[in-house]
Amino acid sequence: TGESESPIIVTIISLKAQAVTARISPLGGKLNIPEYASITFPAGAFDATQKVRMSLNASPSIQDIFEATAPGPRLPYEIRINTGNKAPKTDITVSLKYPDSFFASHYQMHIFAQMHDNPDAPDVHDRFVMIDSGLDDEVEMAMTTLPKYAFSNRYGKNGTYEAIITVGLIH
């Protein structure tokens, strides 16, 4: 649906549903899903030890939100970071693996986070927002500092706090 001279990006990824859980102390901690993502909570992110879960998902409804609100293609999955009944008090460091085809394209690569514009406005819906990102070509990872306000109790089950992120391309 792009311009007639636009490149086509084909990415084949073996997607295995994965999740990892850790207890993050007030001193900080890290979660890692090898070949997909890692997150680091700095000291002070939580006042007490907090159970945190990071999972890999391929939700059609999240894909629809991304396509409706973001400028280009994305990974065929998203990363969910669930911090239970408390949102982190600090920003966190996130690294997401990207495929060779994304790097070889003519597009810019960034991390996107799902956000809700205004919970008090019934006509305002969720959207994906581009987060300033850097790339490490040697390990093929996109990296960013995910702001603490990316965590919302609108996404997790039973009112738990969750952030939803993915890597997307823009022209």
Side-chain angles (χ1 to χ4, degrees), residues 11-63 65-66 69-70 73-103 109-116 126-169:
T11 303
I12 300 171
I13 295 176
S14 172
L15 182 63
K16 298 179 276 182
Q18 295 189 46
V20 62
T21 303
R23 295 182 111 23
I24 306 299
S25 79
L27 298 176
K30 187 172 185 175
L31 285 92
N32 185 43
I33 298 177
E35 299 299 315
Y36 290 100
S38 70
I39 56 175
T40 303
F41 289 87
F46 299 107
D47 291 332
T49 298
Q50 187 72 23
K51 183 178 176 183
V52 176
R53 182 174 193 266
M54 178 172 59
S55 61
L56 181 69
N57 298 279
S59 168
S61 63
I62 299 298
Q63 175 69 29
I65 293 169
F66 189 89
T69 62
R74 72 165 197 143
L75 291 175
Y77 58 87
E78 62 275 353
I79 302 294
R80 290 177 175 260
I81 307 163
N82 189 301
T83 60
N85 62 350
K86 294 187 189 305
K89 297 173 95 178
T90 62
D91 298 343
I92 65 171
T93 303
V94 176
S95 297
L96 299 178
K97 181 91 170 148
Y98 58 82
D100 290 337
S101 61
F102 274 32
F103 185 72
M109 197 174 344
H110 292 279
I111 293 176
F112 288 79
Q114 185 174 348
M115 305 268 192
H116 189 75
D126 289 348
R127 64 187 174 99
F128 273 87
V129 175
M130 183 178 72
I131 308 292
D132 286 336
S133 310
L135 302 177
D136 185 334
D137 303 336
E138 289 187 28
V139 293
E140 296 178 338
M141 299 286 269
M143 299 158 296
T144 193
T145 299
L146 186 66
K148 62 185 178 183
Y149 60 81
F151 286 83
S152 172
N153 62 359
R154 294 180 45 82
Y155 308 129
K157 293 179 181 175
N158 300 321
T160 58
Y161 286 86
E162 191 166 80
I164 302 171
I165 58 176
T166 192
V167 173
L169 301 174

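Note that the structure is predicted; figures quoted are calculated from it, not measured.
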Side-chain heavy-atom pair [X], [Y] within 4.5 angstrom cut-off:
{"X": "Leu135", "Y": "Tyr98", "answer": "yes"}
{"X": "Leu96", "Y": "Ile165", "answer": "yes"}
{"X": "Lys148", "Y": "Thr90", "answer": "no"}
{"X": "Pro99", "Y": "Leu75", "answer": "yes"}

With sequence neighbours left out, write down each residue that passes side chain to side chain donor-acceptor pair (under 3.5 Å) with Ser152, or none if nothing qualifies.
none
Among all residues two or more places apart in sequence or in another chain, which pass the side chain to side chain donor-acceptor pair (under 3.5 Å) test with Lys97?
Glu140
Using only atom types and a distance under 3.5 Å, with no angle test, would you say the side chain of [X] pairs donor to acceptor with the backbone of [Y]?
{"X": "Ser133", "Y": "Ile131", "answer": "yes"}
{"X": "Thr93", "Y": "Ile39", "answer": "no"}
{"X": "Thr144", "Y": "Leu146", "answer": "no"}

Might you point out which heavy atoms bring [X] and [Y] nearest each other, and give the distance in Å?
{"X": "Ala113", "Y": "Ala150", "answer": "CB-CB, 4.4 Å"}
{"X": "Ser38", "Y": "Met54", "answer": "CA-CE, 4.4 Å"}
{"X": "Gly159", "Y": "Asn153", "answer": "O-CB, 3.3 Å"}
{"X": "Ile111", "Y": "Val94", "answer": "CD1-O, 4.3 Å"}
{"X": "Ala22", "Y": "Leu31", "answer": "CB-CG, 3.8 Å"}
{"X": "Ile65", "Y": "Asp126", "answer": "CG2-O, 3.8 Å"}

So does Asp137 have more than 12 non-hydrogen atoms from other groups sitting under 6.0 Å from CG?
yes
Lys89: partners by salt bridge (charged side-chain N to carboxylate O under 4.0 Å, His left out), with sequence neighbours left out
Asp47
For Arg53, give me all partners under salt bridge (charged side-chain N to carboxylate O under 4.0 Å, His left out), at least two apart in sequence or on another chain.
none
Indicate the ring-plane relationship of Phe41 and Phe46, choosing parallel, tilted or perpendicular according to the 30° and 60° boundaries.
tilted
Can you measure from [atom1] ([X]) to [atom2] ([Y]) and round to the nearest 0.5 angstrom?
{"X": "His110", "Y": "Leu169", "atom1": "NE2", "atom2": "CG", "value": "9.5 Å"}
{"X": "Tyr161", "Y": "Gln50", "atom1": "OH", "atom2": "CD", "value": "11.0 Å"}
{"X": "Met109", "Y": "Met141", "atom1": "CE", "atom2": "CE", "value": "12.0 Å"}
{"X": "Ser95", "Y": "Asn32", "atom1": "OG", "atom2": "CG", "value": "9.0 Å"}

Indicate whether any N or O donor in one side chain lies under 3.5 Å from an N or O acceptor in the other, for Ser55 and Asn57.
yes
Which residue pairs pass the ring pair (Phe, Tyr, Trp, His ring centres under 6.0 Å) test with at least one member in residues 128-147, sequence neighbours excluded?
Phe66-Phe128
Contacts satisfying salt bridge (Lys or Arg N to Asp or Glu O under 4.0 Å) that involve residues 75-85 (not counting sequence neighbours) are Arg74-Glu78, Arg80-Glu162
Taking side chain to side chain contact (heavy atoms under 4.5 Å, CB included) as the criterion, tell me which of Asn82, Ile164, Thr160, Ile81 meets it with Phe151.
Ile81
